[in-house]
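Heads up, the thing below is written out as structure tokens.
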Amino acid sequence: MAAPVKVYGPPLSTAVSRVLACLLEKDVEFQLVPVNMAKGEHKNPDYLKIQPFGQVPAFQDESITIFESRAICRYVCEKYADRGNKNLYSMNPLVKASIEQWLEAEGQSYNPPSSTLVFQLALAPRMNIKQDEAQIKLNDQKLLKVLDVYDQRLESSRFLAGDEFTLADLSHLPNTHYLVSVGNRGEAFSSRKNVDRWWNEISSRDSWKKVVEMQKSK
């Protein structure tokens with residue numbers, strides 16, 4: 001029997017939680033390996049061998065090592081295509097193109113403002129770092145514009161890439177969770193009927209609920 005894959009990093013990390021949600025959706029057994037970033041463990045030579053940029057997550061599947069959460073998720077979906085949620089990363093070329101299209105939108109359009117807001121609203125206060133009000137205002141505006149596009153898309157589609165929950169939706173879970181639960185930005189989502197329906201549905205999945213419980217226990 002193959003050993004469980006290993007995920008290095010804290011579940012509170014948005015990138016780590018993205019990978020954990022994917023593994024849970026795909027029903028792939030994993031071992032979560034703690035990395036104490038406060039003590040600089042992510043800069044240790046042994047860790048840098050598997051994550052040369054000294055960030056989280058890092059991922060091991062036997063002799064294979066991968067970093068960057070979206071790449072890890074794609075790998076998991078391809079390697080374990082016959083497990084768990086088979087719709088997460090479709091084998092159909094047209095459907096996969098739609099998934100990739102919205103994954104790219106998440107990475108290029110949604111992630112920049114939402115990551116900045118997660119840091120400013122949720123993380124900076126914990127780290128005793130002064131919030132940058134100009135950055136908050138600018139990225140609030142950018143986020144709302146993206147959500148307007150999403151709301152239009154979701155008017156005619158249950159999920160971003162089509163009628164099935166896919167990696168494109170899953171990839172939005174970590175940042176949005178922080179914005180809604182900690183960053184006091186719930187109205188940005190709830191005020192858009194289709195985005196609100198979409199967010200309530202994807203955030204209610206058992207896989208994500210398990211990730212949130214893992215975050216609470218750390």
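Sequential numbering from 1 along the given sequence is applied to the chain's residues. All heavy atoms count here, side chains included; hydrogens, waters and symmetry mates do not. Values in this document were obtained by computation on a predicted structure and should not be read as measured data.
- Enclosure of atom NZ in Lys96 by more than 12 non-hydrogen atoms of other residues, nucleotides or ligands within 6.0 angstrom is indicated.
- Side-chain N or O atoms of Asp151 include none that pairs as donor or acceptor with a backbone N or O of Leu147 at under 3.5 Å.
- A 4.5 Å side-chain heavy-atom check between Arg185 and Asp140 finds at least one atom pair inside the cut-off.
- The shortest heavy-atom contact between Val56 and Gly9 is CG1-CA, 3.8 Å.
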Check the pair Leu160, Leu154 against side-chain contact (heavy atoms from CB on, under 4.5 Å), reporting the backbone distance first and the verdict last. CA-CA 6 Å; Leu160 286 173; Leu154 293 164; 4.1 Å; yes
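- With hydrophobic clusters built from ILVMFWY side chains whose heavy atoms lie under 4.5 angstrom apart, Phe67 does not share a cluster with Val16.
- If you take NZ on Lys209 and CG on Asp206, they are separated by 6.0 Å, rounding to the nearest 0.5 Å.
- No more than 12 heavy-atom neighbours from other residues, nucleotides or ligands sit within 6.0 angstrom of CD on Glu187.
- Although no hydrogens or angles enter the test, the distance criterion places no donor-acceptor pair under 3.5 Å between the side chain of Ser157 and the main chain of Arg153.
- The number of heavy-atom neighbours closer than 6.0 Å to NZ of Lys193, taken from other residues, nucleotides and ligands shown, is 12 or below.
- Checking side-chain atoms of Ser98 against main-chain N and O of Val95 turns up no donor-acceptor pair under 3.5 Å.
- Criterion: ILVMFWY side-chain heavy atoms under 4.5 Å apart, direct or through other members. Under it, Trp198 and Leu144 are not part of a common hydrophobic cluster.
- To the nearest 0.5 angstrom, Trp199 atom CH2 is 5.0 Å from Leu173 atom CG.
- Remark: Tyr8 OH to Ile50 CD1 distance equals 4.5 Å, nearest 0.5 Å.
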What verdict does the side-chain hydrogen bond (donor to acceptor under 3.5 Å, both in side chains) test give for Asn194 and Glu155, after you've listed the backbone C-alpha separation in whole Å, the side-chain angles of each residue and the deciding distance to 0.1 Å? CA-CA 6 Å; Asn194 303 306; Glu155 178 76 46; 2.9 Å; yes
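- At distances below 3.5 Å, not a single donor-acceptor pair connects side-chain atoms of Asn200 with backbone N or O atoms of Arg197.
- Once rounded to the nearest 0.5 Å, the distance linking NZ of Lys145 with NZ of Lys142 reads 9.0 Å.
- Contact of the Ile99 side chain with the Ser90 side chain is registered, since non-hydrogen atoms from C-beta on lie closer than 4.5 Å.
- Summarising the geometry of Ile72 relative to Pro57, their closest heavy-atom pair is CD1-CG, 3.8 Å, with the distance given to 0.1 Å.
- Linking ILVMFWY side-chain heavy atoms closer than 4.5 Å, directly or via other members, places Val33 and Leu48 in two distinct hydrophobic clusters.
- A donor-acceptor contact shorter than 3.5 Å is absent between the side chain of Gln60 and the backbone of Thr65.
- Side-chain atoms of Gln131 come within 3.5 Å of backbone atoms of Gln120 as a donor-acceptor pair (strictly under, hydrogens ignored).
- Here the straight-line distance linking atom CG of Leu143 with atom CD1 of Ile136 works out to 13.0 Å at 0.5 Å rounding.
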The test is side-chain hydrogen bond (donor to acceptor under 3.5 Å, both in side chains); show your working for Gln135 and Thr116 and say whether it passes. CA-CA 8 Å; Gln135 280 294 309; Thr116 299; 4.9 Å; no
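- Pairing each heavy atom of Val146 with each of Ser109, the nearest pair is CG2-O, 3.4 Å.
- Glu25 and Ser207 get closest at one heavy-atom pair: OE2-OG, 2.7 Å.
- Salt bridge status for Glu100 with Arg74: present, with a side-chain N to carboxylate O gap under 4.0 Å.
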When you look at Tyr89 and Lys26, which way does the side-chain contact (heavy atoms from CB on, under 4.5 Å) test go after all the steps? CA-CA 10 Å; Tyr89 199 53; Lys26 293 301 294 178; over 6 Å; no
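- Closest approach of Ala122 and Val182 over heavy atoms only: CB-CG1, 3.7 Å.
- Contact of the Phe165 side chain with the Ile202 side chain is registered, since non-hydrogen atoms from C-beta on lie closer than 4.5 Å.
- Within the 4.5 Å cutoff, side-chain heavy atoms of Gln215 are placed close to those of Ser17.
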Where do Leu167 and Cys77 land on the side-chain contact (heavy atoms from CB on, under 4.5 Å) test, with the steps shown first? CA-CA 9 Å; Leu167 204 54; Cys77 289; 4.2 Å; yes
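- A donor-acceptor pair under 3.5 Å links the side-chain atoms of Arg192 to the main chain of Ala188, judged by distance alone.
- Across Ser203 and Trp208, no two heavy atoms sit closer than the pair O-CD1, 3.7 Å.
- Using a 4.5 Å cut-off on side-chain heavy atoms (C-beta onward), Asn139 and Phe119 make no contact.
- Atom CG of Asp163 is surrounded by 12 or fewer heavy atoms from other residues, nucleotides or ligands within 6.0 Å.
- Phe159 has its side chain out of reach of Leu170: every pair of non-hydrogen atoms, C-beta onward, lies at least 4.5 Å apart.
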Under the side-chain hydrogen bond (donor to acceptor under 3.5 Å, both in side chains) rule, what do Ser171 and Tyr110 come out as? Steps first, then yes or no, please. CA-CA 10 Å; Ser171 201; Tyr110 185 82; over 6 Å; no
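- With hydrogens and angles ignored, the 3.5 Å screen pairs no side-chain donor or acceptor of Ser190 with any backbone N or O of Asp196.
- Contact check for Leu24 versus Phe30: side-chain heavy atoms found under the 4.5 Å cut-off.
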Yes or no on side-chain contact (heavy atoms from CB on, under 4.5 Å) for His177 and Val211, after CA distance, side-chain angles and deciding distance? CA-CA 11 Å; His177 172 74; Val211 173; over 6 Å; no
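- Counting only heavy atoms from C-beta outward, the side chains of Arg205 and Asn85 approach each other to under 4.5 Å.
- The salt bridge (charged side-chain N to carboxylate O under 4.0 Å, His left out) test applied to Glu106 returns Arg18, Arg70, not counting sequence neighbours.
- Going from atom CD of Glu41 over to atom CG of Asn36 covers 4.5 Å, rounded to the nearest 0.5 Å.
- The number of heavy-atom neighbours closer than 6.0 Å to NZ of Lys210, taken from other residues, nucleotides and ligands shown, is 12 or below.
- Taking a 6.0 Å sphere around CG of Asn184, one finds it holds 12 or fewer heavy atoms contributed by other residues, nucleotides or ligands.
- Under a 3.5 Å cut-off, the side chain of Lys137 and the backbone N or O of Glu133 do not form any donor-acceptor pair.
- Ser114 places a side-chain N or O within donor-acceptor distance of the main-chain N or O of Asn111, the cut-off being under 3.5 Å.
- A chain of hydrophobic side-chain contacts below 4.5 Å, direct or via other Ile, Leu, Val, Met, Phe, Trp or Tyr residues, connects Val19 to Ile64.
- Close placement of the Trp102 and Tyr150 rings is indicated, their centers lying within 6.0 Å of each other.
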